[in-house]
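Here, residue 1 is the first one in the sequence, and each next residue gets the next number. Ligands are counted one by one from 1 in listed order, and the atoms in each one are counted from 1 as well. Computed from a predicted model, the values in this text were never measured in an experiment. Values below: all heavy atoms of this structure, side chains included; hydrogens, waters and symmetry mates excluded.
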Amino acid sequence: MADLRAVFDDQRRAFRTPTLDERREHLGRLAAMVVRARPRIEQAMAADFTVHPAQLTAMTEVFGVAGQAAYAAEQLPAWTAPQQRFADPAFAGTATAAIEYQPKGVLGIMAPWNFPFLLSLGPLADMLAAGNRVIIKPSEVAPACAELLRELVADTFAPDHVAVVCGGVDLAKEFATLPWDHLLYTGNSAVGREVAMAAARNLTPLTLELGGKNPAIVPTVDAESVAQIIGNKAVKSGQVCIAPDYCLVPATQAADFIDLARAHVAAGYTASPDCTGIITGRHLDRLLAMLDEARDHGHRVITLEPGAETDRATRRIPLTLVIDPDDELQIMREEIFGPILPVKTYRTLDEAIAYVNAGDRPLGLYVFTPDAAVARHVLDRTISGGACVNTCAVQGVLPSLGFGGTGMSGYGRHRGIEGFREFSNQRGVFTRGQADTINTFFPPYT
Ligand code: NAD
């Protein structure tokens, strides 16, 4: 904790606004760092998850970060250019008005375990683009990734520019109490609330990236919609904040949904290297308890792959459907964050929409239909951080699309121009010209 404070003070002292070329160079260094370290990042992910597909690590943790840094570097001239604003000549004469973007200063990132590089270094790209200095606190739940992140960043950046501090919950709590110029927390809502309270004591501006229950509304059940939903649930065994949490299916099409889901899952998937392990034994037990509770309440629990079983050694669980679970069950009260998909049935689309709106506002919402009017109907009557039509989660991977939640799924945005602006001080600058009427505000009034 003394180190954290010392690094924070050093960064504060060293802070100055970098030039555009310097920022571009920082982003290039970040991209090169992850690309060079690709094999080590793949190993660290496999160490923390027991099994984590190398290709998926490359696509998300390596090229996801490099792509975001490259996109920000390319956009920098447009993002940093002052935005000219209207100044009414009747009042302002020949004056000019503009929003200018300055760095905020020294920023903190509290990252989760599920995407340990993408969700620390991705926001770092936004923050470097905006000209800030940054300290990252990785999650203690993925220790191999945290240690590698610390080493890579220490080899790439001066500690008074970008640093990583590793430690447990005590360090995380302390981290939230520092007087950051902006703090980004990604993780669960219960801790998010504590972080928000700690930040409030310093009036620290905060971005909260939380989770929740993302619905997939499926007015049209067909092979493609089911493949998108089941495929997305299989990514990292559902340990993705924007994975579909549960789906809403017309009662008349539930049997089709189950058949198509079964057909989609290849035999042998659970035992293959493409099936990610659950992060810890505690997280695995929580998921198994959810399934036990559903069975105890007499609900149909369907393992999609015939004969597939949970493997405690590698912490892998087969993809499993739970049909029409009661809302009192843990599986419908909490974010699942695992390879379990509740299939709730509905009679009318508006009933499905009302069900979604009765819950907390989700991070992601997905609708599956070939009919653009039906998709519009759903989008116009729901509110979520992001949404997709006819797929899931892609709103969370485009470098150009600002990303974040709303209501209980969080506030603020990172990535794209939204991220750049979030981590910039957006200063309104008025430059006086001639022939204005500013003096009419000064006493004496006539
Ligand atoms: P986690 O346990 O790794 O915690 C996240 C961070 O909080 C870590 O850095 C940890 O050190 C810190 N922390 C833990 N306890 C703390 C405390 N008492 N006080 C202060 N800090 C503390 O991650 P998690 O919460 O298990 O992550 C999973 C959750 O994160 C899910 O709800 C998921 O939906 C959400 N998530 C959201 C996004 C998003 O972008 N919105 C992305 C990924 C995950």
Within-4.5 Å side-chain heavy-atom neighbours: Asp48 and Pro116
no
On a heavy-atom basis, I'd like to know which of Asn214, Asn188, Val195 is closest to atom 25 (O) of ligand 1.
Asn188
Going by the 4.0 angstrom heavy-atom rule, the piece of Glu194 near ligand 1 is side chain
Ring centroids only, cut at 6.0 angstrom: are Phe337 and Trp113 within range, meaning strictly under it?
yes
Kindly indicate whether a cation-pi arrangement holds for Lys344 with Tyr246, taking the cut-offs as under 6.0 Å to the six-membered ring centre and within 45° of the axis.
no
Does even one non-hydrogen atom of Phe115 get within less than 4.0 Å of ligand 1?
no
Please check this pair: side chain of Gln239 against backbone of Lys236, looking for a donor-acceptor N/O pair closer than 3.5 Å.
yes
Out of Gly386, Gly404, Cys241, who is nearest to atom 37 (C) of ligand 1 when you count heavy atoms only?
Cys241
With atom 3 (O) of ligand 1 as the reference point, say which of Ser139, Pro116, Pro123, Ala146 has the nearest heavy atom.
Ser139
Considering only NZ, NE, NH1 and NH2 on the basic side and carboxylate oxygens on the acidic side, decide whether Asp160 and Arg133 come within less than 4.0 Å.
yes
Of the protein's non-hydrogen atoms, which lies at the shortest distance from atom 12 (C) of ligand 1, and what is that distance?
Ala172 CB, 3.8 Å
Looking only at non-hydrogen atoms, which of Ala111, Ala176, Gly385 approaches atom 6 (C) of ligand 1 most closely?
Ala111
Check each of Lys173, Met110, Lys137 against atom 19 (N) of ligand 1 and report the one with the nearest heavy atom.
Lys173
Is the closest basic N to carboxylate O distance between Arg300 and Asp324 below 4.0 Å?
no
Residue, atom name and distance, where the atom is the protein heavy atom closest to atom 11 (O) of ligand 1
Glu140 OE1, 2.6 Å
Side-chain touch Leu287/Ile317, heavy atoms, less than 4.5 angstrom:
yes
Going by distance only, is there an N or O of Leu210 that falls short of 3.5 Å from an N or O of ligand 1?
yes
Counting only nitrogen or oxygen atoms and a 3.5 angstrom limit, does Val191 reach ligand 1?
no
Side-chain touch Pro138/Cys145, heavy atoms, less than 4.5 angstrom:
no
Donor-acceptor side-chain pairing of Asp126 and Gln68 below 3.5 angstrom:
yes
Can you tell if the side chain of Leu321 reaches within under 4.5 Å of the side chain of Ile230, non-hydrogen atoms only?
yes
Tell me the protein heavy atom at minimum distance from atom 40 (O) of ligand 1, and give that distance in Å.
Phe403 CE2, 3.1 Å
Would you say His283 has any N or O atom under 3.5 Å from an N or O of ligand 1, going by distance alone?
no
Between Ser409 and ligand 1, does any nitrogen or oxygen pair lie at a separation below 3.5 Å?
no
Answer side chain, backbone, both or neither: which part of Glu335 comes under 4.0 Å from ligand 1, heavy atoms only.
side chain
Residue-level breakdown please: for Val169 versus ligand 1, do any non-hydrogen atoms fall below 4.0 Å on the side chain, on the backbone, on both, or on neither?
side chain
Short list, please: which atoms of ligand 1 are under 4.0 Å from a heavy atom of Gly211?
32 (O), 34 (O)
Please verify the inter-ring angle class for Phe157 with His161; under 30° counts as parallel, over 60° as perpendicular, anything in between as tilted.
perpendicular
Honestly, for Leu119 the part within reach of ligand 1 (heavy atoms, under 4.0 Å) is side chain
Salt-bridge present (Arg415, Glu209; N to O < 4.0 Å):
no
Part of Thr186 within contact of ligand 1 (heavy atoms, under 4.0 Å)
both
Where does Phe175 meet ligand 1, judged by heavy-atom distances below 4.0 Å: at the side chain, the backbone, both, or neither?
neither
Enumerated ligand 1 atoms positioned under 4.0 Å from heavy atoms of Gly187
25 (O), 27 (O), 29 (C), 30 (O), 35 (C)
What part of Asn114, side chain, backbone, both or neither, has a heavy atom within less than 4.0 angstrom of ligand 1?
side chain
Would you please indicate yes or no on a ring centroid separation below 6.0 angstrom for Tyr101 and Phe420?
yes
Would one find an N or O of His414, backbone or side chain, under 3.5 Å from an N or O of ligand 1?
no
Any ion pair linking Arg312 and Asp285 (charged N to carboxylate O, less than 4.0 Å)?
yes
Side chain, backbone, both or neither: which part of Leu363 comes within less than 4.0 Å of ligand 1 when only heavy atoms are counted?
side chain
Side-chain (Asp181) to main-chain (Val106) donor-acceptor, under 3.5 angstrom
yes
Heavy atoms only: which of Tyr185, Phe337, Trp113 lies closest to atom 23 (O) of ligand 1?
Trp113
